[in-house]
Amino acid sequence: MTRNNADRLPQAGNPPPTPPQFQKKAQLDFPSQTEFVDLPSKGLFYSPGHPLSEGAIEIRFMTAKDEDILSSQALIKRGIVIDRLLQNIIIDQRIQVHDLYVGDRDAIMVKARITGYGADYDVQLSCPNCDTQHKITFDLEKATHEELPDLSALDVEEKDGVFYLELPRSQVTLGVRPMFLGDENWLAESAKMNKKRGREEALLTNQFRRIIVSVQGSTDPNTIGSFIESMPAWDAKHLRALYKTIMPSVEMKHWFSCNDCSYEEEVEVPITVGFFWPK
Ligand SMILES: [Zn+2]
């Protein structure tokens with residue numbers, strides 16, 4: 001459509017037209033592509049009304065700007081590079097990365113990796129039998145989530161995101177909650193401090209301190225603390241195994257077969273440095 005020049009001519013009685021202005025260059029808009037990620041927790045681990053309680057999260061595809069984050073030596077050194085990346089690609093900024101359940105974080109990481117570098121993930125696996133290193137390429141589109149298992153079959157009861165279970169040896173009933181990213185960061189921080197001070201690592205008991213929220217109905221931190229100190233190893237082992245069964249997580253299973261010793265087994269593909277820094 002051509003513009004009618006007559007519109008621009010001065011007309012008697014009218015003020016002169018304003019001189020032509022440099023036209024501001026129209027801003028090119030590059031809308032970022034986004035995608036929804038289904039959360040392994042299905043939103044159950046967040047309070048009602050929390051933006052994640054719907055069971056999905058919207059993320060933006062990774063961009064060159066996110067690669068800047070991934071290449072920031074300062075962030076890598078502080079161990080917060082992945083957190084920063086995830087915070088950056090989460091659309092709803094009310095969501096704080098620290099509040100994410102760790103299984104949900106893993107699902108977001110997998111999706112982000114696919115948007116940034118594709119689904120082919122090159123990783124080294126060592127043979128569980130002969131320790132030979134094998135290079136495999138895992139298709140990240142094959143990553144799945146476990147569903148929340150049938151809790152009653154496991155003698156576990158869930159209420160408001162806390163799982164109640166009885167330990168086999170001491171027969172104490174515990175209330176256990178999922179690990180969030182904030183817990184994981186706290187554990188990493190405390191491991192660092194212990195190392196600095198030459199203290200022994202207390203990874204296992206520290207983790208129990210984060211996830212056990214009640215002992216025989218008592219939520220008193222001293223009661224919980226002293227129970228953890230004297231917890232039978234048998235119970236600790238049971239708790240760890242049950243916890244892994246209960247908490248929904250991302251599964252990256254690979255059928256491993258060793259051409260050196262012909263050992264075969266289904267193994268869990270680890271998330272290593274090459275995940276966000278592929279060669
Ligand atoms: Zn082997």
Donor + acceptor pair across side chains of Asp150, Ser152 (<3.5 Å): yes
As a quick check of understanding, evaluate side-chain hydrogen bond (donor to acceptor under 3.5 Å, both in side chains) for Ser41 and Asp104, giving each step before the final call. CA-CA 6 Å; Ser41 71; Asp104 292 345; 2.7 Å; yes
State which residues pass salt bridge (charged side-chain N to carboxylate O under 4.0 Å, His left out) with Asp92; sequence neighbours excluded, sorted by chain then number. Arg94
Determine whether Leu125 and Phe138 make a side-chain contact, defined as any pair of heavy atoms from C-beta on separated by less than 4.5 Å. no
Going through the distances and angles, do Phe36 and Glu54 end up as a side chain to side chain contact (heavy atoms under 4.5 Å, CB included)? CA-CA 12 Å; Phe36 280 91; Glu54 299 292 321; over 6 Å; no
Would you say Ser214's side chain and Gly175's backbone share a donor-acceptor pair under 3.5 angstrom? yes
Between Thr115 and Gln33, is there a side-chain heavy-atom distance shorter than 4.5 Å? no
Answer yes if the side chains of Tyr117 and Glu67 hold a donor-acceptor pair under 3.5 Å, and no otherwise. yes
His254 and Phe256 aromatic ring geometry - parallel, tilted or perpendicular at 30°/60° bounds: perpendicular
When hydrophobic residues are tied together by side-chain contacts of less than 4.5 Å, even through go-betweens, does Ile59 share a cluster with Phe61? no
Kindly write out the residues that satisfy salt bridge (charged side-chain N to carboxylate O under 4.0 Å, His left out) with Glu229, not counting sequence neighbours, or none if the list is empty. Arg209
For Arg177 and Met247, the nearest pair of non-hydrogen atoms, with its separation, is C-CE, 4.2 Å
According to ring pair (Phe, Tyr, Trp, His ring centres under 6.0 Å), who are the partners of His238, at least two apart in sequence or on a separate chain? none
With no hydrogens and no angle check, is any side-chain donor or acceptor of Gln93 less than 3.5 Å from a backbone partner on Ile90? yes
Answer yes if Tyr101 and Val213 sit in the same cluster of Ile, Leu, Val, Met, Phe, Trp and Tyr residues linked by side chain heavy atoms under 4.5 Å apart, and no otherwise. no
Heavy-atom nearest pair, Leu151 first then Glu158, reads CD1-CB, 3.7 Å
For Glu264, does its backbone N or O pair with a side-chain atom of Trp255 as donor and acceptor, under 3.5 Å? no
For Phe275 and Met109, the nearest pair of non-hydrogen atoms, with its separation, is CE2-O, 3.6 Å
